[in-house]
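Okay, so here's the structure we're looking at.
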Amino acid sequence: MAKQLTILFSTLLFFTISANAQDVVKGKKIYETRCLACHQADGGGVPNMNAPLDGSSNLVGNNIARLVKIIRGGYSEKIALDGYYYNNVMTANPDLKDEDIANVLSYVRNSWSNKASKVTVAQVQAVKNKK
Amino acid sequence: MKNLKTIIFFAVVILALNLNAQNNAGLKLPEGFKATLFADTIGSARHIAITKSGVVFAKLMYPNKAGKSIIRLEDVNKDGIADKINGWANYGGTGIIIKGKDLYATSDNDVYLYQLNDKDEVVNPLSPKTIVKGLIAKNQHASKSITLDGDNNVYVNIGAYSNACQEKDRTPGSKGMMPCPILDSAGGIWKFSGTKENQVYGDGKRYATGLRNVVGLDWNTQSNSLFVMQHGRDQLNSFYPTLYNDAQNAELPAETMYELHEGDNAGWPYVYFDPYQKKKILAPEYGGDGKKEGGENALNPTVFFPAHMAPNGLLFYTGDQFPAKYKNGAFIAFHGSWNRAPLPQEGYFVAFVPFKDGKPNGEWEIFANGFSGLAEGEKVTNVRKVKSRPCGLAQGPDGSLYVSDDARGSIFKISYAK
């Protein structure tokens, strides 16, 4: 019984890990085609122009709804981000599926020096305001 | 012991000064030129201007730590390094220009005029005249740069608050608006009186249109005309991946210099200039496919440069210090690209184009390089880590060239020693 449980457990664990790895791979692909142009390969952005994602306190914070809205609707507010302003307009991604948004956010929240929880599809779905 | 410390301290200072002089403040220059770090970490120095007595003024994009946004720098002991630095004003901006004792500076909405006294100190730091007010500034291409002609007129760049005048800016699949309504109040150069106060749009005139965003501009006294450097559009590959791959986006469109006369149109947003086909190509937002030409009535560039390098400063050199080939030629400060990613970035240098009688007279070349702080030949891939980004240019009374940098906040002074 114990042995069976262990097998079941490891199988589950295996699937969870590979599913997670899959998310990150998919998220990375989206990042490269849709985000890298502005936020750059190192996630460092462009000073005064495109906000950095590496080291962004908002990005690794708990306000997932704000992040989802930014990805869907684009972003251009004259609000200081970690003390700095950015003079560019972020592209909206109205065509990205909830799953894609979860994947790309999970990827950027766990790339470079960032470490934060993964974003789930349920969390993305919960943000009803599609603007 | 205390003596020893003092000696070591001075030895280090002398060594540092020597190194600064020897390694040209980290810059790579043509034979015979040298550079000093005239100032460092003064804040986000955009454009600079210099009085006849050699006092340098820098406009900061944001107020610095002391809350000042126009910085006055004087080199009292004439060693090539500013030793008396102070400032005033609390609004960010890019433009600054001096004529005699008149100092014009810009916020993103307004043009102000300050008065200097016979020591080139500002007389009215808190009460400038407002020359122009209420110009459009949205969260893109908002900075206003300025120059003057010989007739007391001020030319102001009003950048388009858009990449390609799409119905929804920077959104894949969104069409270009026809006609582009942005051009009524932005995307061009406006001409105002340099002396009348409180002018608004209606008091000036749209001098030239179809310019996405100009940061570097200068009046050429030989041709008696305005020259500007346009920042070309971004993201052809992001929005039209079937027409443009990453490598094509990295090289399209060219960064362009135009000579402007009243009523001219440079073609944005309908066309962009392709440096390989050497043609004005219809923008994909307006039905282009990378080959179809357009802009029959639009200007051709006077000179063109590799894509995305962000020309932020333009200066026609009228001094006598540099060798003859530089006389009346154009120096251009390239802030450096970001929209070449995932390919390596370009720019981050000062270029030179020889001119004769107000027309280009030879190929452009790199004049000053090494601002990025990378080893020679190494390309920028992490824009955030770049040390200095050339932005503004000004000529000192002795003919030295000054280059400002809004990343580290430094000003380089480049001179020629016979």
Side-chain angles (χ1 to χ4, degrees), chain A residues 28-56 59 69-97 100-101 104 107-108 111-114 130-131, chain B residues 44 46 61-62 92 94 108 137-143 159-163 166 168-174 213 215 231 234-239 241 246 249-250 308 310 312 335-345 380-389 391 405-409:
Chain A
K28 184 168 193 270
K29 263 237 144 66
I30 296 168
Y31 184 80
E32 284 167 354
T33 51
R34 292 184 184 241
C35 323
L36 185 146
C38 295
H39 293 291
Q40 305 288 302
D42 66 350
V46 179
N48 301 317
M49 190 77 185
N50 300 320
L53 299 183
D54 180 23
S56 154
L59 180 57
K69 283 181 196 164
I70 287 177
I71 307 300
R72 271 195 196 132
Y75 188 57
S76 171
E77 303 273 335
K78 282 206 159 147
I79 297 173
L81 302 173
D82 294 317
Y84 292 93
Y85 293 89
Y86 299 94
N87 296 317
N88 201 0
V89 172
M90 176 167 151
T91 307
N93 296 278
D95 56 325
L96 273 188
K97 294 195 204 77
D100 297 330
I101 294 177
V104 75
Y107 171 72
V108 292
S111 292
W112 317 294
S113 67
N114 292 346
K130 297 253 172 187
K131 206 186 120 36
Chain B
S44 48
R46 298 284 286 176
M61 179 160 29
Y62 301 108
T94 287
D108 287 351
K138 299 197 180 178
N139 202 5
Q140 192 174 182
H141 308 150
S143 76
Y161 43 93
S162 174
N163 175 42
Q166 291 168 284
K168 282 191 172 160
D169 189 26
R170 297 190 193 254
T171 302
S174 175
N213 188 33
V215 186
H231 283 214
D234 304 323
Q235 290 185 285
L236 283 164
N237 59 337
S238 314
F239 305 143
D246 290 348
N249 173 71
H308 308 303
N312 274 9
H335 200 224
S337 68
W338 58 268
N339 194 221
R340 285 175 166 256
L343 278 78
Q345 305 297 346
V380 170
T381 49
N382 303 325
V383 180
R384 179 163 64 167
K385 299 212 174 94
V386 165
K387 222 167 157 184
S388 291
R389 301 186 74 183
C391 188
D405 137 40
D406 62 0
R408 189 168 85 179

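In what follows, every heavy atom counts, from backbone to side chain, and hydrogens, waters and symmetry copies are set aside. First the proteins, then the strands, lettered A, B, ... as listed; each starts at 1. This structure is a prediction, so every number in the text was calculated from the model and none was measured.
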Using only the distance criterion (under 3.5 Å, no hydrogens considered), which donor-acceptor pairs connect chain A with chain B?
residue: Gln40(A); atom: OE1; partner: Gln345(B); partner atom: NE2; Å: 3.2
residue: Gln40(A); atom: NE2; partner: Trp338(B); partner atom: O; Å: 3.1
residue: Asp54(A); atom: O; partner: Arg384(B); partner atom: NH1; Å: 3.4
residue: Asp54(A); atom: OD2; partner: Arg384(B); partner atom: NH2; Å: 3.0
residue: Ser76(A); atom: OG; partner: Asn139(B); partner atom: ND2; Å: 3.0
residue: Asn88(A); atom: OD1; partner: Arg170(B); partner atom: NE; Å: 3.3
residue: Asn88(A); atom: OD1; partner: Arg170(B); partner atom: NH2; Å: 3.3
residue: Thr91(A); atom: OG1; partner: Arg170(B); partner atom: O; Å: 3.2

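- In this structure, chain B has heavy atoms under 4.5 Å from both the backbone and the side chain of Ala37(A).
- The two residues Leu36(A) and Ala341(B) have their closest heavy-atom pair at CD2-CB, 3.7 Å.
- In this structure, no portion of Met90(A) lies under 4.5 Å from any heavy atom of chain B.
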